[in-house]
Amino acid sequence: MEALLKSMQNTPPKASSQAMWWGTLGTVRPFPNFNSEKDARDIQTALESKASDVNTLVRILTNRNNAQRQSIAESYHNLTQKELCPALKKALSGGLEQLVLGLMMTPSQFDAHRLRQTMEGIGTDEESLLAVLCTKSPHQLKDATIAYKQEFGRYLENDLISETSKDFTKLVLAILKKEELNSKEMVDYQLIDQDVKALNDVVNGKKKDPAPWIQVLTTRDSNHLNRVLSRLEDLRGETVDKTVQSHFSGDLRLGFRTLVGSIPSIPLFLAQRLHSNIKKGSLVQGILISHSEEDLLCVRIEYRKLTNTSLYSTLQKEYKGEMQQALLALCRSEDL
């Protein structure tokens, strides 16, 4: 099982703007014997009860996959002539409201909202912005870009330009539009040598021009980049992260560190973020919702290796009540 996870952890499933990306490495799977009309009636009853039956809402919506949740919303509208999300918003509050409304979005809508949240208010949350961009496939980013315009009436690229500056803007836009130009079918040793030299020449030169780093890191697939970064570490006798810290500064350094940190293994990168931010409910929700039908099993395994504790047990310890119920349902099970 672990060998299977390792072989698939850097290969994101194909995305769809209509349904959650599905793969065997997700934790939330299609609910058997699914009946959207029954679920819609049960949700209506829960919403109309005196104090709202939150437990029922959470139980149903965390145990259906995204396509099924969209079907429930449609059935609820047919049943009540009302939209489900405003009714849920009225019945819930705080972090649980945020989580349930996130579950009701399509994957591309959810990514768009996460990106928008990083740029709202005073200042941009560059770390969270990068974490979303660096853990999505080119296809997923294209879907999120379309959804961003539909949801907010704004262009994602324009907002990124206005919220960032200089070389960091160039890096963020390159990640957003990333296209893997090298052939995945073969190992191109000549291109590996060229990329290693290009990266090394920048950090050896007096003028630290980040353009080659941006170009290489955003136009190659992960297998190629793993070889390049490994060779660069051998050549310099230090980790790539240390090289980045020594030769770049500010937001650009953060951007390169995040990108380099996510390349070897996105599940490990996400496990590290969960471990460092387990008390930050919105961050934990974002990862669990976004990856619950994609590769959360991989994240769980990396979290267990990293902390010697299961993600399930950690969530059980850190959260209480319906929030705990919801997060545990998305995580799904214990890793012994």
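For the numbers below, each heavy atom of this structure counts, side chains included, while hydrogens, waters and symmetry mates do not. Everything numeric in this text was worked out from a predicted model, so none of it was measured.
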Rounded distance (nearest 0.5 Å) linking atom OG1 of T45 with atom CD of E48: 6.5 Å

N204 side, atom CG; L235 side, atom CG - distance, nearest 0.5 Å: 8.0 Å

For the student: nearest non-hydrogen atoms of A198 and P212, plus distance: O-CB, 4.2 Å

Q324 (side chain) donor-acceptor with Y319 (main chain) under 3.5 angstrom: yes

Beyond-backbone contact of L84 with L47, side-chain heavy atoms, under 4.5 angstrom: yes

Linked, directly or transitively: L254 and L199 (ILVMFWY side chains, under 4.5 Å): yes

Axial cation check for Y76 ring with K82, 6.0 Å and 45° limits: no

Sole residue of L274, I266, L268, L288 in side chain to side chain contact (heavy atoms under 4.5 Å, CB included) with V299: L274

Cluster link I161 to M119, ILVMFWY, side chain under 4.5 Å: yes

Side-chain heavy atoms of L130 within contact of T118, under 4.5 Å: no

Lys NZ or Arg CZ of R64 over F31 ring: under 6.0 Å, within 45°: yes

F34 atom CZ, neighbour heavy-atom count above 12 within 6.0 Å: yes

D251/K166 ion pair, N-O < 4.0 Å: no

Nearest non-hydrogen partners of A112 and A144, listed with the distance: CB-O, 3.8 Å

pair E294-Q140: side-chain heavy atoms closer than 4.5 Å: yes

Criterion side-chain contact (heavy atoms from CB on, under 4.5 Å) on I278 and L311, from CA distance to verdict: CA-CA 10 Å; I278 198 65; L311 179 58; 4.3 Å; yes

pair K178-L217: side-chain heavy atoms closer than 4.5 Å: no

Side-chain donor or acceptor of W213 paired with backbone N/O of F256 under 3.5 Å: no

Side chain T145, main chain L141, donor-acceptor under 3.5 Å: yes

NZ/K149: more than 12 non-hydrogen atoms of other groups inside 6.0 Å: yes

Spatial distance of atom CG (D42) from atom NZ (K38) [nearest 0.5 Å]: 4.0 Å

Least distance between heavy atoms, Y148 atom then D159 atom: OH-OD2, 2.6 Å

M105 backbone acceptor or donor facing N66 side chain under 3.5 Å: yes

L296 and V28, any side-chain heavy atoms less than 4.5 Å apart: no

4.5 Å side-chain heavy-atom contact, E37 and N78: no

Ionic contact status for K242 with E233, cut-off 4.0 Å: no

Point-to-point distance, once rounded to the nearest 0.5 Å, from CG of L171 to CD1 of I175: 4.0 Å

Spacing of C134 atom SG and I263 atom CD1 [to the nearest 0.5 Å]: 8.0 Å

Same apolar cluster (I L V M F W Y, side chains within < 4.5 Å links), V260/L306: no

Within one Ile-Leu-Val-Met-Phe-Trp-Tyr cluster: I146 and F110, side-chain cutoff 4.5 Å: no

Salt bridge D193-R231, side-chain N to carboxylate O under 4.0 Å: yes

Closest non-hydrogen atom pair between S108 and D143, with its separation: CB-O, 3.6 Å

Contact check, side chains of K305 and I301, non-hydrogen atoms, under 4.5 Å: yes

R29/N65 under side-chain hydrogen bond (donor to acceptor under 3.5 Å, both in side chains): CA gap, chis, key distance, verdict: CA-CA 6 Å; R29 307 193 175 198; N65 74 349; over 6 Å; no

Taking distance alone, no hydrogens or angles, what donor-acceptor pairs closer than 3.5 Å link side-chain atoms of residues 93-101 to residues at least two apart or in another chain?
residue: E97; atom: OE2; partner: K89; partner atom: NZ; Å: 2.9

Pair V244-T239, side-chain contact (heavy atoms from CB on, under 4.5 Å): steps then yes or no: CA-CA 9 Å; V244 168; T239 65; over 6 Å; no

Polar side-chain atom of S276 near backbone of R273 as donor-acceptor pair, under 3.5 Å: no

Residue Q190 excluded, over 12 heavy atoms near CD under 6.0 Å: no

Aromatic contact, F152 with H113 (centres under 6.0 Å): yes

Verify same cluster id: V228, Y189 (apolar side-chain graph, 4.5 Å): yes

Salt-bridge present (E157, K177; N to O < 4.0 Å): yes

Evaluation steps, side-chain contact (heavy atoms from CB on, under 4.5 Å), between L327 and Q316: CA-CA 9 Å; L327 293 176; Q316 206 166 30; over 6 Å; no

Heavy-atom donor-acceptor pair, R69 side chain to L61 backbone, under 3.5 Å: yes

Heavy-atom pair of closest approach, residues R332 and N63: NH1-OD1, 2.9 Å

Under 3.5 Å: donor-acceptor pair, side chain of N277, backbone of K280: no

Residue pair N55, Q325: steps toward the side-chain hydrogen bond (donor to acceptor under 3.5 Å, both in side chains) verdict: CA-CA 8 Å; N55 182 69; Q325 176 192 351; 3.3 Å; yes

Electrostatic pair D167-K170, nearest N-O below 4.0 angstrom: yes

Residues, nucleotides or ligands: over 12 heavy atoms within 6.0 Å of E74 CD: no

Interatomic distance, E293 atom CD to L25 atom CG [nearest 0.5 angstrom]: 13.0 Å

N/O donor-acceptor pair under 3.5 Å between S49 side chain and D53 backbone: yes

Salt-bridge contact R304-D335 (side-chain N to carboxylate O under 4.0 Å): no

Intermediate values then yes/no, side-chain contact (heavy atoms from CB on, under 4.5 Å), D39 and S75: CA-CA 9 Å; D39 282 346; S75 294; over 6 Å; no

Donor-acceptor under 3.5 Å (R300 side chain, C331 main chain): yes

Which atom of N226 lies closest to which atom of P264, heavy atoms considered: OD1-CA, 3.1 Å

Residue pair V187 / I192, side-chain heavy-atom distance below 4.5 Å: yes

Whether Q70 side chain and M104 backbone form a donor-acceptor pair below 3.5 Å: yes

Check: N35/R41 side-chain N/O donor and acceptor closer than 3.5 Å: no

